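Below you'll find the structure, written out as structure tokens, and then a few comments.
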Amino acid sequence: MPSDTPTSVRVLRNIDVPVLALALVIFVVAGLPIVGWLTGAGAWAIQRLISEYATRKANQAEDPRAKVGILAGSMIGRGWLVAGIIIAVGLGNNTAGLSAAVLFLAVFTVQFTMTLAMRPYETKGPARP
């Protein structure tokens, strides 16, 4: 189903991809552990895929309680999943764990801010948590 949302809004809604690419350059130049970037970027990608899947399922649900349950459960589960991944890596390599956590929080902040800023310009399409 085509969306009436302007292309610029759809691009800005996916600002996380260029931010992760820029972060990779920063990691290489600063000599930070690439495992940290892989962990942060991987955790971000996994939680984003789960979020997209949960949003689709919630939009297909007819019962409002089911919609809320799917989205709330997804948010809580994704938080625990990401925390577990970052802690697991951090236990083996403190610097990698810290850099993964900072990267994840930076990408989350940029993505969340852009999602809120672009929401008024979306004319059609699925709700995003």
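Computed from a predicted model, the values in this text were never measured in an experiment. Any value given below was found using the heavy atoms of this structure, including those in side chains, with hydrogens, waters and symmetry copies removed.
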Closest approach of A58 to K67 (non-hydrogen atoms, all atoms of both residues): O-CG, 3.0 Å
- request: Group every Ile, Leu, Val, Met, Phe, Trp and Tyr by side-chain heavy-atom contacts under 4.5 Å, then state whether L103 and V82 land in the same group.
  value: yes
task: Considering non-hydrogen atoms only, spot the tightest contact between T113 and T109 and give its length.
output: OG1-O, 2.7 Å
Ignoring hydrogens and angles, write down the donor-acceptor pairs under 3.5 Å from the side chains of residues 17-37, residues two or more places apart or on other chains.
from, atom 1, to, atom 2, distance (Å)
W37, NE1, L20, O, 3.1

task: Measure across F104 and W44 and return the closest heavy-atom pair with its distance rounded to 0.1 Å.
output: CE1-CE3, 3.5 Å
message: Side-chain heavy atoms nearer than 4.5 Å, only ILVMFWY residues, links allowed to pass through others: does that put M118 and F112 together?
response: yes
- prompt: Would you say the side chain of N94 lies within less than 4.5 Å of the side chain of L98, judging by non-hydrogen atoms?
  reply: no
query: Which distance, rounded to the nearest 0.5 Å, do you find between the CG of L105 and the CD1 of I86?
result: 7.0 Å
field: Backbone N/O of I70 and side chain of S74: donor-acceptor pair under 3.5 Å
entry: no
Exam field: side chain Q111 to backbone R13, donor-acceptor pair closer than 3.5 Å: yes
task: Each residue besides I50 in its hydrophobic cluster should be listed here, by chain and number; the cluster joins Ile, Leu, Val, Met, Phe, Trp and Tyr at side-chain heavy-atom distances under 4.5 Å.
output: I46, L81, I85
query: With a 3.5 Å cut-off and no angle check, do the side chains of R119 and T115 form a donor-acceptor pair?
result: no
